Enquirer: 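One structure is given below, represented as structure tokens, and several questions about it will come after.
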There are 2 protein chains.
Amino acid sequence: MVNLTKLTKLSINQSIFSKMGNITIKMLAKELNLSTAAVSKALRDSHEISEGTKKRVLELAAALNYVPHPYAGSLREKKSNTIAVVIPEVADSFFSLALNGIEAVAIANGYHALIYLTHESFEREKTLLKDLESGRVDGVIMSVTMKTDTFDHLKSLNKMVPMVFFDRVCEEIDTAKITTNDEECGYQATQHLIDSGCKKIAILSISESLSINSKRIQGYQQALLENGREGDPASIIDYGEDSVENFEQLRKVFREVDRPDGIVATVSKMTTDIYLVCMELGLRIPQDVKVVSFSNDSTVAILNPSLTTITQPAFEMGELAAGILFKALKKKYLVLSEESTVVPSQLFVRNSTSSSV
Amino acid sequence: MVNLTKLTKLSINQSIFSKMGNITIKMLAKELNLSTAAVSKALRDSHEISEGTKKRVLELAAALNYVPHPYAGSLREKKSNTIAVVIPEVADSFFSLALNGIEAVAIANGYHALIYLTHESFEREKTLLKDLESGRVDGVIMSVTMKTDTFDHLKSLNKMVPMVFFDRVCEEIDTAKITTNDEECGYQATQHLIDSGCKKIAILSISESLSINSKRIQGYQQALLENGREGDPASIIDYGEDSVENFEQLRKVFREVDRPDGIVATVSKMTTDIYLVCMELGLRIPQDVKVVSFSNDSTVAILNPSLTTITQPAFEMGELAAGILFKALKKKYLVLSEESTVVPSQLFVRNSTSSSV
DNA sequence: ACCATTTACTTAATCGGTTAAGTAAATAAA
DNA sequence: TTTATTTACTTAACCGATTAAGTAAATGGT
């Protein structure tokens, strides 16, 4: 049995919440008539401590539910055993799947993964990354916002902490980047629409500064070019953050006489708008308009009609990014930029591009 | 201009990443011939420091990109300015919306919100909560896993740190709980199916131990009872984690002669399976089977057919939960259990329950 | 029996901040 | 002029853990 009489004297500053106060090594030491050093070593199974003492320490620690304070150790060791994952949002299948991949690897490596959301705000990204220069985390995995168009905050953080970018990478930063074959996919999506009989193909552009966006559009233009079509600049439709404006924009495009008969959505959330606008205007998918979307949504198969998608290896990209980061955290002198990887996405043909209807 | 000559002598232990090493108050103090105390006070705009000195400190701090180490302050102040958000997953519209609500409030209060995912693993929940007893965070907002059926880990954490539950609450813990009117919604959904002409209504049950689940089912049973129907136990279909098994289960149910002609999905992810099974078996929604789902998905309107939903005030529930937690963190003696709130959900009728087709 | 080594600890410094208490010089009050 | 107060700092303790260095006692070798 553990005698707690002495310990009660130690509990101070009790708020309504910490009825018991946090147990510290100091308390264990006092209770056991040992130095804090001995207790610390016992907990870490040091050879300097006798088996009997170790047993006493472990038993008391368990009885009192001792949990080491992570910040104390981190401060001393200059190592937080924590990584940060900085992503635009989580209400997106791609990011939530990638996150699962990252988390799985982080847990397997005994690390904490702190998730930070920028909500596509460049200001928030800057504030966040500045904070991460503090030593709060040992490494960072991130996808930049749609609006990230200067890179000093990234460069600055990259000097302090190993970083790995995934999907929405920043080309200007010299470090590891996990991407998918965006240009090729833009090409494939467009070629698939052409093959399905589309004459006028539009593409929704999410952000000028985003490398994945421009690559997808490059692929789109390349496909048009190879098929002897003008790269009509009017067919690149800017898609912003204001959902009302976006809807209005789409409505306008599809109301025109020479409206597109095929459209590529570069991110999944554009799909709902496309479907709704087509419904409203009485345009049938795929008969009047064919749709391909970059998407990882699980609902694509039960949409009306089911949606042809370019699906990214989201989970795998997360796993890879995390794997490389932990490799860097273990081996001190890893050249991260040499670890960049491109993982291919896959085209899934469904009814939204069917030409046989 | 800042003279950095002295400072270079301080940089030690440079890894490939920390080319510059982290700037500390000690370095600033040395460079300015001040004590660390003076620098600390200057940075916190103390009246004890002259305006001239404050200016010198602030300028050097800015020039060297000084970022205070959060763990050092937290340790001393016994306050981390950080809360934890523990949720089952993020690939779910309800949780991601709630998360946005929580985050918005956290940022407004100058706090960090650390997101932890349990992936519905009870073991992970226990490990996580144990870690959170360390002092890592000042408060916790959480939704328990589907499998959480013992509560010692929750009770234990609740002694150390203020907790607020939302949606998937634990009734046994005496603290604030933000819920929606689950029983009423189960009732409404069922009544709506009855009103739409359904004779045999099934409900998908996600977990026996989850209070929201049992409440929804109670509402369902109540509605059946009030309409003079037997509460057929066979109509409560257990939905587990194995997606292949779930699909098989559903297929079996809908193949039977007296198959249901109405079904309530208690969580949104069940919807895809229902739609796919109906497609496969040639059952038309809503003519042969009517579907209501608890869902916050943005795609419900473009499904085939569009889905009738019970939609929870997810963002608002997150905001409320966070608001109460911060109220508790500010006022020391707030009785959290008195802050529990129930926010109503809303029924949106769409085509999956249409009776006029 | 005597020195060497091993065992099982303790002491004290450290991580990077914050702050109570102390102090010397300048200014104000009597 | 002398004492009181204010100003602008510094010193030192502290948060909770880790660990290099120190030490007393037990054990071992010859």
Side-chain angles (χ1 to χ4, degrees), chain A residues 10-13 18 21-57 61 64-82 131 133-138 160, chain B residues 10-13 18 21-57 61 64-82 131 133-138 160:
Chain A
L10 282 164
S11 8
I12 38 156
N13 259 340
S18 55
N22 274 52
I23 303 294
T24 65
I25 278 194
K26 201 188 248 173
M27 294 177 190
L28 298 180
K30 192 157 190 178
E31 189 71 11
L32 295 166
N33 275 314
L34 284 171
S35 68
T36 61
V39 175
S40 174
K41 285 171 183 167
L43 290 169
R44 322 189 100 238
D45 201 26
S46 160
H47 65 92
E48 292 178 59
I49 305 297
S50 72
E51 289 307 317
T53 303
K54 277 183 195 169
K55 193 165 172 254
R56 288 204 307 143
V57 170
L64 297 183
N65 192 28
Y66 166 73
V67 183
H69 199 303
Y71 296 167
S74 293
L75 207 53
R76 168 73 208 239
E77 303 302 303
K78 287 172 170 289
K79 183 163 187 303
S80 64
N81 278 298
T82 301
D131 175 274
E133 291 185 23
S134 63
R136 193 187 285 278
V137 296
D138 300 337
M160 311 290 297
Chain B
L10 284 163
S11 8
I12 37 156
N13 260 341
S18 55
N22 274 51
I23 303 296
T24 65
I25 278 194
K26 200 187 248 173
M27 294 177 190
L28 298 180
K30 191 156 189 177
E31 188 73 10
L32 294 165
N33 274 314
L34 283 171
S35 68
T36 60
V39 175
S40 172
K41 286 172 181 166
L43 290 169
R44 323 189 99 235
D45 200 25
S46 160
H47 65 91
E48 291 178 58
I49 305 297
S50 72
E51 290 308 316
T53 302
K54 278 184 194 169
K55 193 165 173 257
R56 288 204 307 143
V57 171
L64 297 184
N65 192 30
Y66 166 73
V67 182
H69 199 303
Y71 297 166
S74 292
L75 207 54
R76 169 71 209 233
E77 303 302 305
K78 287 173 169 289
K79 183 166 188 298
S80 64
N81 278 297
T82 300
D131 174 275
E133 291 185 21
S134 63
R136 192 187 285 276
V137 297
D138 300 337
M160 312 290 298

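Computed from a predicted structure; not experimentally measured. Below, chains carry the letters A, B, ... as their sequence lines are ordered, and counting in each starts from 1. Values below: all heavy atoms of this structure, side chains included; hydrogens, waters and symmetry mates excluded.
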Enquirer: Could you check whether A/Thr24 gets within reach of a base, just the sugar-phosphate, or nothing at all, counting any heavy atom under 4.0 Å?
Expert: sugar-phosphate
Enquirer: If you measure from OH on B/Tyr71 to NZ on A/Lys78, what distance do you get to the nearest 0.5 Å?
Expert: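 Nearest 0.5 Å value for the OH-NZ distance: 13.5 Å.
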Enquirer: Just N and O in the side chain of A/Ser50: are any of them under 4.0 Å from OP1 or OP2 of C/dC9?
Expert: yes
Enquirer: Hey, is the side chain of B/Thr53 poking within less than 4.0 Å of OP1 or OP2 on D/dC9, counting only N and O atoms?
Expert: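 Looking at the OP1 and OP2 atoms of D/dC9, one of them is under 4.0 Å from a side-chain N or O of B/Thr53.
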Enquirer: Among D/dA17, D/dT19, D/dC15, which is the nearest nucleotide to the side chain of B/Lys78?
Expert: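 Among D/dA17, D/dT19, D/dC15, the one nearest the side chain of B/Lys78 is D/dC15.
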Enquirer: How long is the span from the CD atom in B/Glu77 to the CG atom in B/Asp138, to the nearest 0.5 Å?
Expert: 11.5 Å
Enquirer: Could you state the atom-to-atom distance from CD of A/Glu51 to C1' of C/dC9 in whole Å?
Expert: 14 Å
Enquirer: Only counting residues at least two apart or in another chain, list the ones meeting side chain to side chain contact (heavy atoms under 4.5 Å, CB included) with B/Thr36.
Expert: B/Ile25, B/Lys26, B/Ala29
Enquirer: What distance do A/Leu75 atom CG and A/His69 atom NE2 have between them, rounded to the nearest 0.5 Å?
Expert: 10.5 Å
Enquirer: By nearest nucleotide on DNA chain D, pick out whichever of A/Tyr71 and B/Lys54 is the more 5' one.
Expert: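 Counting from the 5' end, the first nearest nucleotide belongs to B/Lys54.
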Enquirer: Let me spell it out: for each of A/Glu77 and B/Arg76, pick the nucleotide of DNA chain C with the closest heavy atom. Which residue's pick is nearer the 5' end?
Expert: A/Glu77
Enquirer: Could you tell me the separation between the OG atom of A/Ser40 and the CD1 atom of A/Ile49, rounded to the nearest 0.5 Å?
Expert: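 Output value for this atom pair is 9.0 Å.
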Enquirer: How close do A/Asn22 and B/Gly135 get, heavy atom to heavy atom, and via which atoms?
Expert: ND2-N, 3.8 Å
Enquirer: In whole angstrom, give the distance that lies between atom NZ of B/Lys79 and atom P of C/dT19.
Expert: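 Rounded to whole Å, this separation is 12 Å.
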Enquirer: Near DNA chain D, which residues from residues 37-48 of chain B have a heavy atom under 4.0 Å away?
Expert: B/Ala37, B/Ala38, B/Lys41, B/Glu48
Enquirer: Strictly below 4.0 Å: does A/Ser74 bring a side-chain N or O up to OP1 or OP2 of D/dA17?
Expert: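 For A/Ser74, the contact criterion (side-chain N or O under 4.0 Å from OP1 or OP2 of D/dA17) is not met.
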Enquirer: Looking at the side chain of A/Leu75, which of C/dC15, C/dT18, C/dC9 is the nearest nucleotide?
Expert: C/dC15
Enquirer: Let me know the distance between CZ of B/Arg56 and P of D/dA8, rounded to the nearest Å.
Expert: 13 Å
Enquirer: For a quick test of reading the model, state the closest non-hydrogen atom pair linking A/Thr82 to A/Ser80 and the distance between them.
Expert: OG1-O, 2.8 Å
Enquirer: If an axis is fit to five pairs at each end of the helix from C/dC2-D/dG29 to C/dA30-D/dT1, what is the angle between the two, to the nearest 10°?
Expert: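 The helix from C/dC2-D/dG29 to C/dA30-D/dT1 shows an end-to-end axis angle of 60°.
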Enquirer: Round to the nearest Å and state the distance from B/Leu34 atom CG to D/dT11 atom C1'.
Expert: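 Spelled out: CG on B/Leu34 to C1' on D/dT11 is 14 Å.
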Enquirer: Would you compute the distance between atom CG of B/Leu28 and atom CD of B/Glu31 and round it to the nearest 0.5 angstrom?
Expert: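 With rounding to 0.5 Å, CG (B/Leu28) is 8.5 Å from CD (B/Glu31).
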Enquirer: From CZ of A/Arg136 over to C1' of C/dG16, roughly how many Å is that when rounded to an integer?
Expert: 14 Å
Enquirer: When rounded to the nearest 0.5 angstrom, what distance separates OH in A/Tyr66 from OG1 in A/Thr24?
Expert: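 Separation between the atoms: 7.5 Å.
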Enquirer: Look at the side-chain N and O atoms of B/Lys26 and state whether any lies under 4.0 Å from the OP1 or OP2 oxygen of C/dC15.
Expert: yes
Enquirer: Is the number of heavy atoms from other residues, nucleotides or ligands under 6.0 Å of A/Lys79 NZ greater than 12?
Expert: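 More than 12 heavy atoms, drawn from other residues, nucleotides or ligands, come within 6.0 Å of this atom.
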Enquirer: Let me know the distance between CE of B/Met27 and P of C/dT14, rounded to the nearest Å.
Expert: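 Atom CE in B/Met27 sits about 15 Å away from atom P in C/dT14.
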Enquirer: Between atom NE2 in A/His69 and atom C1' in C/dG16, what is the gap in whole Å?
Expert: 14 Å
Enquirer: Given D/dC9, C/dG17, C/dC9, which nucleotide is nearest the side-chain atoms of B/Pro68?
Expert: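 Selected nucleotide: C/dG17.
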Enquirer: Using whole Å, report how far CD of A/Glu133 lies from P of C/dG16.
Expert: 16 Å
